Asker: 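Shown below is the structure under consideration.
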Amino acid sequence: MMGRLALLLLLAFASLLQLLCFAVDDDDFDLDIYKNDDLAFYESFDESFEDRWIVSIKDEYKGVWKHSKSEGHDDYGLLVSEKARKYAIVKLLDEPVSLKGGTTVLQFETRLQSGLECGGAYLKYLRPQAAQWKPKEFDNESPFSIMFGPDKCGTTNKVHFIVKHKNPKNGEYVEHHLKHTPPVPSDKLTHVYTATLKRDKEVRILIDGQEKKKANFLSADDFDPPLIPPKTIPDPDDKKPEDWDDRARIPDPNAVKPDDWDDDAPMEIEDNEAVKPDGWLDDEADEIDDPEASKPEDWDDEEDGVWEPPKMFNPKCATAPGCGEWKRPMKNNPAYKGKWSPPLIDNPNYKGIWKAREIPNPNYFELDKPDFEPIAAIGIEIWTMQDGILFDNILIAKSEKAAKSHRETKWKPKFEVEKERYKAEDEASGSDFLAAIKRKVFDFLYEVADMPFLSNYKTQIVHHIERAEKQPNLTMAVLVSVVVIILTIFFKLIFGGNNQPSPKVEQKPLVAETTNDEARSGEQNDEKEEGNETGGGGAPRRRRRET
């Protein structure tokens, strides 16, 4: 009897345990149990970084790193403490982390406490030192496997995800940039960035735990250049024939300039019908010497030059229609036509756009899954115009649950506190609703500007958006102009820009060129004019005033 009772109790206990297991949802389970097994690396910066991270000794990296609290919190992080500096620091991992097979999650927090107008806040996941680099000499050329994180300057406003993949045919490492990545959050809150590499082919980009981008490593539509090179390339030895005419339209050789056409007619002429307004003060200047100004006691005429009082607006001109010498205004010249040029006609000798014949690509290879190098170190190598960038809770995990656990326990409490504080500040100023709406509009416009069909116009669109951000009094007018530009381009692409159809032009296919560690994408080369030297990364190497 006792044996049967014990058996029943044992079965009941087992059933209860099974029910509990099914009742607990995976997403609600305490994921901290994974941290020991699934965390390949974790840095909380609770303690000083100085005995664990290596600051580059290269002369160009003058920026000072500090162990500092996040504003309004007791939580510490790694702080970019000075403006307009280059920074470089690296942490060697105890063991390299493989990116092959299974899941690898790269995650870290940043807080732009002073905002971000021009600078990077991304991480580099570096290859083993067998790739010939030294931690103390960590710099932009140190070879990485992945570069990930926010970057904003000029036309760039994105969360970079760049991988370097080795071409098995020629042994060269090529930079591959994820296309159409999300913009950088523009506030001063703590944000957590997550890149999840799954099943050797898929990558997911999350900001604050929300998926913003999903891509396939082997898709030519997702990376530039694609990881798999094209099967054929234009023959470099094929030359265009000398008699090949690729002009679709040419000036009409039979056109004659009209006899009444005046090339030299000015665009504007003096309005002879204009009359000087009554009350015009011919003898008064627009500006006069400030009568209340006096020469400083320590002014030395020999050293400082002859002192002149500062100018002020002439009060007499405030009520008058004008001051000074009156001149007739200018008006449009009805005879102005500009320089004459013959109209264009279809070219009877047009042969189309010439392109070299295609030959097999000697560097082509097939790929079932990426062959990424392992991560042996984590580095931060950036150039920024802002101080106050705080890095925290950097981790490499082998499960999404472990990364989610840290987002929920480390990042989210800070974020909620900051969000409530800024919300209260906005409400106190009475601008919370409008500010939120305006922010969403700006974020949306940055995403629109990054669309492929607007690539040729991206610079001017971004210029207008940034102008609207910096000049609140012009915001609505500038935003309207941006929308008009986008709609104009959209309708032009749909309906065409000419009334007469042009001869059909055969487009030359774009072929991705292999780059090396020194190569930079065209986007990053354009951005070199933005700033001093580097945004960091083998990728965005610009800001010579890096994508």
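Predicted model, so just to flag it, every value in this text is computed and none were measured.
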Asker: Is Lys214 salt-bridged to Glu202, cutoff N-O under 4.0 Å?
Answerer: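 Between Glu202 and Lys214 there is a salt bridge, with a charged N closer than 4.0 Å to a carboxylate O.
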Asker: Hey, what do you get for OG (Ser68) to CG (Asp392), rounding to the nearest 0.5 Å?
Answerer: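 The OG atom of Ser68 sits 11.0 Å away from the CG atom of Asp392.
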Asker: Strictly by salt bridge (charged side-chain N to carboxylate O under 4.0 Å, His left out), give each pair with a member in residues 101-113 just once, sequence neighbours left out.
Answerer: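 For residues 101-113: Glu109-Lys414, Arg111-Glu418.
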Asker: Using side chain to side chain contact (heavy atoms under 4.5 Å, CB included), reason through His67 and Leu79 one step at a time and then give a plain yes or no.
Answerer: CA-CA 6 Å; His67 183 237; Leu79 180 69; over 6 Å; no
Asker: How about Trp53 and Phe138: are their ring centroids closer than 6.0 Å?
Answerer: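 So the answer is no for these two rings.
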Asker: Tell me if the NZ atom of Lys412 is crowded by more than 12 foreign heavy atoms within 6.0 Å.
Answerer: no
Asker: Would the distance check show the side chain of Ser70 and the main-chain N or O of His73 forming a donor-acceptor pair, the cut-off being under 3.5 Å?
Answerer: no
Asker: Around atom NZ of Lys169, are there more than 12 heavy atoms of other residues, nucleotides or ligands at under 6.0 Å?
Answerer: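 Yes - once you tally the heavy atoms of other residues, nucleotides and ligands closer than 6.0 Å, there are more than 12.
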Asker: Quick one: side-chain contact (heavy atoms from CB on, under 4.5 Å) partners of Lys83, sequence neighbours excluded?
Answerer: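 Lys83 satisfies side-chain contact (heavy atoms from CB on, under 4.5 Å) with Asp387 only.
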Asker: Over 60° means perpendicular and under 30° means parallel, so classify the ring planes of Phe217 and Phe372, tilted if in between.
Answerer: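 Taking Phe217 first and then Phe372, their aromatic rings stand perpendicular (interplane angle over 60°).
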Asker: Measure the spacing between OG of Ser81 and CD1 of Ile389 and express it to the nearest 0.5 Å.
Answerer: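 Answer rounded to 0.5 Å: 11.0 Å.
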Asker: OG1 of Thr110 to CG of Leu116: how many Å apart, nearest 0.5 Å?
Answerer: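 Here the rounded value is 9.0 Å.
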Asker: Report the C-alpha distance between Phe108 and Tyr193 in whole Å, list the side-chain angles of each, state the deciding distance to 0.1 Å, and finish with yes or no for ring pair (Phe, Tyr, Trp, His ring centres under 6.0 Å).
Answerer: CA-CA 6 Å; Phe108 67 98; Tyr193 298 88; 5.8 Å; yes
Asker: Stepwise, does the side chain to side chain contact (heavy atoms under 4.5 Å, CB included) test hold for Tyr87 with Tyr61?
Answerer: CA-CA 5 Å; Tyr87 293 80; Tyr61 298 102; 5.5 Å; no
Asker: Mark yes when over 12 heavy atoms from residues, nucleotides or ligands other than Lys91 sit less than 6.0 Å from its NZ; otherwise mark no.
Answerer: yes
Asker: OG1/Thr181 to NZ/Lys212 distance, rounded to the nearest 0.5 angstrom?
Answerer: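 These two atoms lie 12.5 Å from each other.
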Asker: Give me the atom names and distance for the closest heavy-atom approach of Asp139 to Glu381.
Answerer: C-CG, 3.9 Å
Asker: Name the residue from Phe41, Trp411, Tyr42 that meets the ring-ring contact (aromatic ring centres under 6.0 Å, His included) definition with His406.
Answerer: Tyr42
Asker: Taking only Lys NZ, Arg NE, NH1 and NH2, and the carboxylate oxygens of Asp or Glu, determine whether Lys100 and Asp371 approach each other closer than 4.0 Å.
Answerer: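 Counted as a salt bridge, because a side-chain N and a carboxylate O are separated by less than 4.0 Å.
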Asker: Would you call Asp221 and Lys179 a salt bridge, using N to O less than 4.0 angstrom?
Answerer: no
Asker: Would you say the rings of His177 and Phe223 are close, in the sense that their centroids are separated by under 6.0 Å?
Answerer: no
